> 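Below are the structure tokens for one structure; questions will follow.
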Amino acid sequence: MMIDEKQLAEKMDKMYADLETMDQSLMMENLKAMGCTWSYEQIVDELTKNWNDLKVSDKIFETCTIDDTCSIYPRDFIDEAIYLILSKFHHFKFEHYGLISKRLDDLCEAELDDCEKIAQLESCFQRFFKMCKCFDLDNFDRITYEVNDGIDLHSIIVDYLDECMEQGRMNDPRYYQKIIDFVLRFNKQFSYVNDFLAYALEVELATAYVALKNPKGEKMLLAAIDKRNDKTEAILYYGLAYLDEYPQKTLKIFERYKALLNKESDSYEIIMEIINDMKQEQA
């Protein structure tokens, strides 16, 4: 018998309210009531072997006949029970992706001081790297594809690095080192990552090196002009790396590589706008 949307909403509300105070014994009783035949120890064992907690939930659905018709909670209780074990009932040697992902999502919505948000994101990423190391995960794209929980980890990483860059420019150059440390650790962990993110991280790393007067930065930016298909984009990032502190060098870079600029590139118009704005300021 199918329940209507109102009944489902009532079940969901009751479930979330009850989860606040639910103990392990009552959790297992409710799992059993909707057809889960796994023991608590079996669930913990599967979670110990899997970094992706959603995989464990899926396995329960695959191996058990789950029916919430007569249950006081909806089928979603399976996922919530797994989360309860992770967050409350059992301590694992690593933090599962589900907990990390939820924390990242919460932080993106939280109204925090920029420095505090950076610190908390940094803590999440440290736990993420530890999880990846425990399971020898070296394909970043496969992680995000396998989970597919709606969290755009790619964008969160880039936003984190951009915020570190902003803090480095405004307040504390030590934030540049945070960028360097993150990207080097990321590159050490992952052998496979999509080209778009790989280049974004490369640009962040090179720009941080430039800000700290480390010659590695300029070498990386020059190398990108040679190897990137969109040389106009590479030239743009080369110039932007010096724009705040050495704007005249930015102009010289754009002038030096003028012959390589492609008007069809999305970066071309940005370069032209920077040149025109700077010339107007000098006039």
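Predicted, not measured: the structure shown is a model, and the values here were computed from it.
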> Is the backbone of Ile100 close enough, under 3.5 Å, to the side chain of Arg127 for a donor and an acceptor to pair up by distance?
no
> Quick one: does Asn50's side chain have a donor or acceptor within less than 3.5 Å of a partner on Asn52's backbone?
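Side chain of Asn50 to backbone of Asn52: no pair is present.
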> Roughly how far, to the nearest 0.5 Å, is the CD atom of Gln42 from the SG atom of Cys36?
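Rounded to the nearest 0.5 Å, the SG-CD separation comes to 8.0 Å.
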> Tell me, do Leu31 and Met28 make a side-chain contact under 4.5 Å, heavy atoms counted?
yes
> Could you list the residues that satisfy side chain to side chain contact (heavy atoms under 4.5 Å, CB included) with Ser101, not counting sequence neighbours?
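Applying side chain to side chain contact (heavy atoms under 4.5 Å, CB included) to Ser101 gives Tyr97, Asp149, Ile151.
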> Please say whether more than 12 non-hydrogen atoms of neighbouring residues, nucleotides or ligands are located less than 6.0 Å from NZ in Lys88.
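Yes, enclosed.
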> Can you name the salt bridge (charged side-chain N to carboxylate O under 4.0 Å, His left out) partners of Glu46, sequence neighbours left out?
Lys49, Lys59
> Taking ring pair (Phe, Tyr, Trp, His ring centres under 6.0 Å) as the definition, give me every residue that meets it alongside Tyr145, ordered by chain and number, with sequence neighbours left out.
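Per chain and number, Tyr145 pairs via ring pair (Phe, Tyr, Trp, His ring centres under 6.0 Å) with no residue.
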> Under 3.5 Å, which donor-acceptor pairs link side chains of residues 248-255 to any protein atom two or more places apart or in another chain?
residue, atom, partner, partner atom, Å
Lys249, NZ, Glu218, OE1, 3.2
Lys249, NZ, Glu218, OE2, 3.4
Thr250, OG1, Gly239, O, 2.7
Thr250, OG1, Leu243, N, 3.2
Glu255, OE2, Lys258, NZ, 3.1

> Mind checking side chain to side chain contact (heavy atoms under 4.5 Å, CB included) for Leu26 and listing every partner two or more places apart, or none if nothing turns up?
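Testing Leu26 for side chain to side chain contact (heavy atoms under 4.5 Å, CB included), a comparison that skips the adjacent residues, returns Met22, Asp23, Glu29, Asn30.
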> Would you check if Leu137 and Arg142 make a side-chain contact, meaning some heavy-atom pair closer than 4.5 Å?
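When only atoms from C-beta onward are counted, Arg142 and Leu137 do not touch, as no gap falls below 4.5 Å.
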> Is Asp68 reaching over with its side chain to a backbone N or O of Pro74, donor-acceptor style, under 3.5 angstrom?
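No; judged by distance alone, with no hydrogens or angles, the pair does not exist.
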> Any salt bridge linking Asp181 with Arg174? Criterion: basic side-chain nitrogen under 4.0 Å from a carboxylate oxygen.
no
> What is the minimum heavy-atom distance between Tyr268 and Asn262, and which atoms define it?
CB-O, 3.3 Å
> Walk me through whether Asp114 and Gln167 qualify under side chain to side chain contact (heavy atoms under 4.5 Å, CB included).
CA-CA 8 Å; Asp114 290 337; Gln167 290 300 316; 3.5 Å; yes
> Walk me through whether Leu86 and Phe92 qualify under side chain to side chain contact (heavy atoms under 4.5 Å, CB included).
CA-CA 8 Å; Leu86 297 179; Phe92 295 88; 3.7 Å; yes
> Are the side chain of Lys11 and the backbone N or O of Ser71 linked by a donor-acceptor pair below 3.5 Å?
yes
> Supply the atom-to-atom distance Met165 CE to Thr207 OG1, rounded to the nearest 0.5 angstrom.
5.0 Å
> Could you pull out the closest heavy-atom pair between Ile66 and Gly35, with the gap in Å?
CD1-C, 3.9 Å
> Please check if atom CG in Asp13 has more than 12 non-hydrogen atoms from other residues, nucleotides or ligands closer than 6.0 Å.
yes
> Do the side chains of Trp51 and Phe128 get nearer than 4.5 Å, heavy atoms only?
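No, too far: nothing below the 4.5 Å cut-off.
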> Measure across Ile179 and Cys164 and return the closest heavy-atom pair with its distance rounded to 0.1 Å.
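Here Ile179 and Cys164 meet closest at CG1-CB, 3.6 Å.
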> Could you tell me which residues satisfy ring pair (Phe, Tyr, Trp, His ring centres under 6.0 Å) with Phe140, sequence neighbours excluded, listed by chain and number?
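Checked Phe140 against ring pair (Phe, Tyr, Trp, His ring centres under 6.0 Å); matches are Phe186, Phe190.
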> For Leu107 and Cys124, which heavy atoms make the closest approach, and how far apart are they?
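The answer is CD1-SG, 3.9 Å.
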> What pairs meet the salt bridge (charged side-chain N to carboxylate O under 4.0 Å, His left out) rule with one or both residues in residues 233-246, with sequence neighbours excluded?
Arg169-Asp244, Lys213-Glu245
> Measuring from Ser87:OG to Ile82:CD1, what's the distance to the nearest 0.5 Å?
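Here the rounded value is 11.0 Å.
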> Hey, are Lys117 and Glu163 close enough for a salt bridge, meaning a charged N less than 4.0 Å from a carboxylate O?
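The answer is no: the pair does not qualify as a salt bridge.
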> Rounded to the nearest 0.5 Å, what separation is found between the CD1 atom of Ile157 and the CG atom of Asp162?
12.0 Å
> Just say parallel, tilted or perpendicular for the rings of Tyr242 and Tyr238, cut-offs at 30° and 60°.
perpendicular
> Working to the nearest 0.5 Å, report the span between CD1 of Ile235 and CG of Leu240.
12.0 Å
> Does Asp172 reach the main-chain N or O of Tyr175 with its side chain, forming a donor-acceptor pair under 3.5 Å?
no
> Enumerate the residue pairs fulfilling salt bridge (charged side-chain N to carboxylate O under 4.0 Å, His left out) with a member in residues 130-139, sequence neighbours excluded, ordered by first and then second residue.
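Sorted result for residues 130-139: empty, none.
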> Would you say Met278 and Pro247 make side-chain contact, with heavy atoms under 4.5 Å?
yes
> Can you list everything that forms a side chain to side chain contact (heavy atoms under 4.5 Å, CB included) with Asp266? Sequence neighbours excluded, please.
none
> Could you walk me through whether Leu84 and Phe77 pass the side chain to side chain contact (heavy atoms under 4.5 Å, CB included) check?
CA-CA 10 Å; Leu84 206 57; Phe77 183 75; over 6 Å; no
> Any donor and acceptor pair, going by atom type alone, linking the side chain of Lys231 with main-chain N or O of Asp226 inside 3.5 Å?
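Looks like yes, one N/O pair under 3.5 Å.
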> Less than 4.5 Å apart, any side-chain heavy atom of Met27 and any of Ile85?
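Of all side-chain heavy-atom pairs linking Ile85 with Met27, at least one is under 4.5 Å.
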> Take Thr37 and Thr65 through the test side chain to side chain contact (heavy atoms under 4.5 Å, CB included) and record every step on the way to the result.
CA-CA 9 Å; Thr37 59; Thr65 303; over 6 Å; no
> For the CD atom of Gln177 and the CG atom of Leu212, what is their distance to the nearest 0.5 Å?
6.5 Å
> State, with a plain yes or no, whether a side-chain heavy atom of His154 is found less than 4.5 Å away from one of Thr144.
no
> Atom CD of residue position Glu269 - does it have more than 12 heavy atoms of other residues, nucleotides or ligands inside 6.0 Å?
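No.
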> Which heavy atom in His96 sits nearest to a heavy atom in Leu47, and how many Å separate them?
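Smallest interatomic distance, heavy atoms only, reads NE2-O, 2.6 Å.
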> For Ile225 and Leu260, work out which heavy atoms get closest and say how close.
CG2-CD1, 4.2 Å
> Name all pairs fulfilling the ring pair (Phe, Tyr, Trp, His ring centres under 6.0 Å) condition that reach into residues 205-226, sequence neighbours left out, sorted by first residue then second.
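Residue pairs with at least one partner in residues 205-226: there are none.
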> Would you sort out whether Lys227 and Glu202 count as a salt bridge (charged side-chain N to carboxylate O under 4.0 Å, His left out), showing the intermediate values?
CA-CA 13 Å; Lys227 69 182 181 181; Glu202 182 181 324; 3.4 Å; yes
> Among pairs that include at least one residue of residues 14-41, which meet ring pair (Phe, Tyr, Trp, His ring centres under 6.0 Å), considering only residues two or more places apart or in two chains?
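Applying ring pair (Phe, Tyr, Trp, His ring centres under 6.0 Å) to every pair that reaches into residues 14-41, excluding sequence neighbours, yields nothing.
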> Taking the side chain as every heavy atom from C-beta outward, state whether Lys216 and Leu205 have any atom pair closer than 4.5 Å.
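They are not in contact (no side-chain heavy atoms under 4.5 Å apart), so the answer is no.
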> Would you mind reporting whether Tyr73 and Asp18 have side-chain heavy atoms less than 4.5 Å apart?
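The answer is yes, as the side chains (C-beta and beyond) meet within the 4.5 Å cut-off.
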> For Asp67, give me all partners under side-chain hydrogen bond (donor to acceptor under 3.5 Å, both in side chains), at least two apart in sequence or on another chain.
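Partners of Asp67 by the side-chain hydrogen bond (donor to acceptor under 3.5 Å, both in side chains) criterion, ordered by chain and then number, come out as Thr69.
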